Amino acid sequence: MATGKINVSVENIFPLIKKFLYSDHEIFLRELISNATDATLKLKHLASIGEAKVEYGNPIIEVKVDKEGKKLHIIDQGIGMTEEEVKKYINEVAFSGAEEFLDKYKDAEKDAGIIGHFGLGFYSSFMVADKVEIITKSYKDEPAVDWACDGSPEFSLKKGKREERGTEIILHIAEDSTEFLEDNRISELLRKYNKFMPIPIKFGTRTETLPKPEDAKEDDPAPTQEVDNFVNNPDPAWTKQPTDLEDKDYKEFYRELYPMQFEEPLFHIHLNVDYPFNLTGILYFPKLTNDLNIQKDRIQLYQNQVFVTDNVEGIVPEFLTMLRGVIDSPDIPLNVSRSYLQADGSVKKISSYISRKVADKLNSLFKNDREEFEKKWNDIKIVIEYGMLSEDKFFEKAEKFALYPTVDGNYYTFEELQEKVKANQTDKDEKLILLYASNREEQHSYIEAAKAKGYEVLLLDSPIISHLMQKLETSKEKLSFARVDADHLDNLIKKEDTQISKLSDEEKEKLKTNLEEVLEDKKYTVQLEAMDSGASPFIITEPEFMRRMKEMQQTGGGGMFGMGNMPEMYNLIVNTNHELVGEILNTKTAKKRERLINQSIDLARLSKGLLKGEELTNFIKRSYEMVK
């Protein structure tokens, strides 16, 4: 029997492990099962090339809990280790510079995930164990070896009695980590980190119901038997070729990933690339709401089928973090820190590739079945609009398939929309003004007024549309968006209605004075316009620029412009040719005139959605009195 000291140049390595890795202590099981998987796959490779003269068979990894003995066992049937290999890989920890390690990780906030950086995968065991044993036998014709360490630099190493090839790790669980002796906790960790490991993982047994014998009576219970319980799927869909999968296979895998998600995904994108980096995966477009935050952190990141994280920021472009699915890349380390992701060149290439692949898939779906694509537009538009806003390359590709729906349910690409609007213009060099509504119900009267003039009204209602319109206007010459209730509409109405006012200049001045006396509100600018007598008598519009800036502030863009809260500003457009306006002007008593003005303006404010609270209550009360 040999004894000795583990060859590290820092005596207090184990307290360091506990201190720096405490927040991640549950990943010890992931690390040990990853090691067991590597040992098994290495044996498979050596057997396949004839270097290991053994039968590979159908190896498994087994996890066992001994609650009474306070032990956790991880057993594999892999390559095993000789005595020399135990000395090399276990005792001589890869600490070429322990002082460098200490200096780099003295601030735990810098990088909590240090496992793997210095060959510490196995040593994560000491985060939860007071003592760790290794019982191992190599595939080579050499004696088994037993190794043990109690969490100090002291270890013992002796010949063992194990007869089967492979390794068993025994963790003597510490008093502060007894949660890892609970079956439910271990099941939870195996599902979280090892659900798709490439080697079958056995944990306990389960009861299986058997068919009843033919001679069984109706009320006889069905026979049962105990069978091994395997917790993982070693061959998940993303490890297969797209040509080997059907649509139902992708849907079944989605349900496996998200068992509590009842809605099926709209479509999937299978990722498969081996140059200039390795990456496989499947991304799903779920039905999305307009909430930009609630959907995030649903994509799972794996490294060789080992779960790493579901915070894929930096690997997946931000606008795609609302998707779901799996990405697997051996080029990403098991322990990902944010600073690593931001600095690593291959990670940036992966992000760029995913963005391009998604754009190509969307374009293909659009070209192959536009009608079906249009049906799904409202469920996917928030991702596409966010991508157009945040990535210039995606913006360029998205111009081919991004859609602009109208309030009447028609869908146009930007190019189609441009051609349609130009065709209706007499002056082809004139600036294009695209009318849109952000809420079909609230802006109904404005929509109807615009449609009555022959204008196509778009329905653009996502929370980031103001930002996207700004980008479109910047990138396109002679283009402007105007909401149907914005002040751009005044110009459009004036062009269409070259009406002569029924009021003289003197009457106009008097009317304007009467209105401003009643208003007493600096937010409103009174504008007298000669329109068709059938048009509304009073219309409230808002300066498009001011309204859009306010919207952008509400969705996080206001800070870009260095502005504080934008002031409330509205235009009160008065149709001087309307009969009601004439009646207001000719009313003899000031009281009746004031009541007519208040009622008319409140109706316009109601149409604009500006009448609320006490003012709305007073309006309703006044309306009942007038009806009476």
Side-chain angles (χ1 to χ4, degrees), residues 374 377-378 381 385 399 402-462 465-466 468-473 475-500 527-548 551 570-578 603-604 606-610:
E374 288 178 358
W377 177 253
N378 281 333
K381 65 184 178 187
E385 290 172 353
E399 284 205 286
L403 294 177
Y404 299 84
T406 70
V407 291
D408 296 322
N410 300 315
Y411 290 83
Y412 300 104
T413 63
F414 190 82
E415 189 178 340
E416 292 165 348
L417 190 63
Q418 225 170 355
E419 292 305 313
K420 185 175 177 63
V421 175
K422 270 185 182 177
N424 293 333
Q425 282 189 187
T426 51
D427 184 352
K428 302 303 179 188
D429 293 325
E430 196 176 65
K431 188 175 188 179
L432 286 179
I433 296 180
L434 301 179
L435 286 185
Y436 75 98
S438 59
N439 188 303
R440 196 201 308 264
E441 303 303 321
E442 290 180 7
Q443 292 149 18
H444 183 268
S445 62
Y446 293 91
I447 292 169
E448 292 304 306
K451 284 169 64 179
K453 302 295 177 190
Y455 290 103
E456 192 84 71
V457 180
L458 302 175
L459 181 61
L460 306 178
D461 57 2
S462 78
I465 199 65
S466 294
L468 182 57
M469 287 188 296
Q470 196 86 358
K471 182 163 185 172
L472 282 162
E473 288 169 341
S475 63
K476 310 286 181 189
E477 286 185 16
K478 297 184 178 180
L479 171 69
S480 178
F481 284 88
R483 207 166 80 175
V484 286
D485 56 351
D487 54 1
H488 277 288
L489 188 60
D490 316 338
N491 300 327
L492 293 170
I493 290 172
K494 282 188 285 183
K495 279 182 185 173
E496 291 290 321
D497 298 329
T498 51
Q499 301 282 330
I500 298 172
Q527 295 180 13
L528 306 183
E529 305 289 356
M531 295 185 282
D532 187 277
S533 59
S536 296
F538 292 87
I539 302 171
I540 293 176
T541 64
E542 189 173 3
E544 175 71 9
F545 175 79
M546 297 292 286
R547 183 195 55 71
R548 206 184 291 181
E551 280 184 4
Y570 301 99
N571 302 316
L572 178 64
I573 314 298
V574 183
N575 181 2
T576 58
N577 287 344
H578 197 281
L603 281 167
L606 189 65
S607 177
K608 177 73 172 157
L610 296 172

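Computed from a predicted model, the values in this text were never measured in an experiment. Values below: all heavy atoms of this structure, side chains included; hydrogens, waters and symmetry mates excluded.
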When rounded to the nearest 0.5 angstrom, what is the spacing between OG1 in Thr413 and OH in Tyr404? 9.0 Å
Could you report the tightest heavy-atom contact between Ser536 and Asn575, atom names first, then the distance? O-CB, 3.3 Å
Going from CG on Asn571 to CD1 on Ile540, what distance comes out if it is rounded to the nearest 0.5 angstrom? 9.5 Å
Quick check against the 3.5 Å criterion: does Glu448 have a side-chain atom that pairs as donor or acceptor with the backbone of His444? no
In short, Asp461 meets Ser438 closest at the heavy-atom pair CB-O, 3.2 Å
If I take atom CG from residue Leu460 and atom CD from residue Glu385, how far apart are they, to the nearest 0.5 angstrom? 7.5 Å
Only counting residues at least two apart or in another chain, list the ones meeting side-chain hydrogen bond (donor to acceptor under 3.5 Å, both in side chains) with Tyr570. Glu568
side-chain hydrogen bond (donor to acceptor under 3.5 Å, both in side chains) partners of Glu374, counting only residues at least two apart: Arg370
Taking the side chain as C-beta and beyond, is there a heavy-atom pair between Val407 and Lys451 under 4.5 Å? yes
How long is the span from the CG atom in Leu528 to the CG atom in Leu572, to the nearest 0.5 Å? 9.0 Å
With rounding to the nearest 0.5 Å, note down the distance linking CD1 in Ile447 to CG in Asn439. 8.0 Å
Please report the shortest heavy-atom distance between Ala604 and Tyr446, naming the atom on each side. O-OH, 4.4 Å
Taking C-beta and beyond as the side chain, do Val457 and Gln443 meet within less than 4.5 Å on heavy atoms? no
Test item: Leu417 and Leu458 side chains (from C-beta on) under 4.5 Å apart, heavy atoms: yes
Can you tell which of Glu456, Glu416, Lys420 makes a side-chain contact (heavy atoms from CB on, under 4.5 Å) with Asn410? Glu456
Please lay out, stage by stage, how Phe538 and Ile573 fare under the test side chain to side chain contact (heavy atoms under 4.5 Å, CB included). CA-CA 6 Å; Phe538 292 87; Ile573 314 298; over 6 Å; no
Nearest 0.5 Å, what's the OG-CG distance between Ser480 and Leu472? 11.5 Å
Ring-plane angle category for Phe481 and Phe414, please: parallel below 30°, perpendicular beyond 60°, tilted otherwise. tilted
